[in-house]
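These notes concern the structure reproduced below.
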Number of protein chains: 2
Amino acid sequence: MRELTRAEEQVMQVLWKIKKGFVKEILEHFDEPKPAYNTVSTIVRILQDKGFVTHKAYGRTHEYYPVVSKNEYSKTHLSTFVNDYFSNSFEKMVSFFAKEKSISVKEMEEIMKIMESEVKKQKMKR
Amino acid sequence: MRELTRAEEQVMQVLWKIKKGFVKEILEHFDEPKPAYNTVSTIVRILQDKGFVTHKAYGRTHEYYPVVSKNEYSKTHLSTFVNDYFSNSFEKMVSFFAKEKSISVKEMEEIMKIMESEVKKQKMKR
DNA sequence: AATATACAACGAATAAATTAGTTATGCAAC
DNA sequence: GTTGCATAACTAATTTATTCGTTGTATATT
């Protein structure tokens, strides 16, 4: 999967949020100072070329949709990160943040709960 | 903390790996096709301006050191990511990957172990 | 039908990042 | 001291990304 540039990512974030939208609508979700209409229009067309977005035409106007979901993108994005910074070990990454106390006890307990049920689920399968 | 561009990040990865080095040494750690000496030299000086690197001068040659550690940088980097893609919830992020089965049972068990001991440690403090 | 409006498409202008050539300086070898 | 080499500093060239004005066309409005 190709990477998103900063400007492209901003547009994708809006599209992921609103699910679908015309350029005008995407623009509305930008904070001030909003970019020009044409700026967003260009970026959205680049995103289409890159395969992140598609559109449905209503006459002459286009309604844009994400093709790559936020989950899909975040998956590859984080994989790269874990690979580059934690020699591809998710465990190392989580441990690091657990030890760094960037995770609260409450969060850790939640995570453990979910993992327990996942582990159970996995083991059931055998 | 400023962000690293792709080229800058590559140089930092080398510096983090080798701890310190002259431009020549950094260059050696690049895969083929290696960039030109001057390219690395320029990037390292940009990194210095940005505050990621410092140097010790031996006469006319400079030995460069990371000032920002890989851990520090990965911390802010991941925070941004978790913020943008998981509405700032580390838990949501980890759960997502646990459910997506990108984490093996063994890894999950390891993570749980570490979290348990961290939770214990935290609770002791009160 | 003429005019106004809205929009996509195009492309030009600018900015940022990357790459590497050129230059100047110090040091070593002779 | 002169020559050659290594290196930092500077700068130019190139590439990539960003921004937005301009244009043309379709549709709506009168």
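To find a chain, count down the sequence lines: A is the first, B the second, and so on, and within it residues start at 1. Predicted, not measured: the structure shown is a model, and the values here were computed from it.
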Here the distance between atom P of C:dA17 and atom CD of B:Glu9, to the nearest Å, is 14 Å
A:Glu63 CD to C:dA8 P, in whole Å, measures 11 Å
Is B:Arg60 side chain donor-acceptor paired with the C:dT25 base, going by distance under 3.5 Å alone? yes
Any side-chain N or O of A:Thr39 below 4.0 angstrom from OP1/OP2 of D:dC20?
yes
Do B:Asn38 and D:dA9 share a donor-acceptor pair, side chain to base, under 3.5 Å? yes
So, for A:Phe22 and A:Tyr64, is the gap between ring centers shorter than 6.0 Å?
no
Regarding the side chain of A:Arg45, the nearest nucleotide among D:dC20, C:dA9, D:dA8 is C:dA9
Atom OH of A:Tyr37 and atom P of D:dT23 are separated, to the nearest Å, by 18 Å
From CG of B:Leu4 across to P of C:dT18 the rounded distance in Å is 10 Å
Whole-Å distance, B:Lys24 NZ to D:dC5 C1', equals 11 Å
Does D:dA17 have OP1 or OP2 sitting under 4.0 Å from an N or O in the side chain of A:Thr5?
-> no
### Message
Does a side-chain N or O of B:Thr42 approach OP1 or OP2 of C:dT18 to a distance below 4.0 Å, or not?
### Response
no
| task | May I ask you to verify if any side-chain N or O of A:Thr61 is less than 4.0 angstrom from the OP1 or OP2 atom of C:dA6? | result | no
Ranking A:Arg2 and A:Ala36 by the position along DNA chain D of their nearest nucleotide, the one closer to 5' is A:Arg2
Partner of B:Phe96 under ring-ring contact (aromatic ring centres under 6.0 Å, His included), picked from B:Phe86, B:Tyr85, B:Phe90, is B:Phe86
Between B:Glu8 and B:Glu3, the two heavy atoms sitting closest are OE1-O, 3.9 Å
Tell me, yes or no, whether the heavy-atom count around B:Lys17 atom NZ, taken from other residues, nucleotides or ligands under 6.0 Å, exceeds 12.
-> no
When B:Glu8 and A:Tyr64 are each assigned the nearest nucleotide of DNA chain C, the 5'-most assignment goes to A:Tyr64
When rounded to whole Å, the CD1 to P distance for the pair A:Ile43 and D:dT16 reads 18 Å
From the list A:Val11, A:Leu27, A:Ile43, side-chain contact (heavy atoms from CB on, under 4.5 Å) partner of A:Pro35 resolves to A:Leu27
In whole angstroms, the gap separating P of C:dC27 from CZ of B:Phe22 amounts to 14 Å
Separation of D:dC10 atom C1' from B:His62 atom NE2, nearest Å, is 14 Å
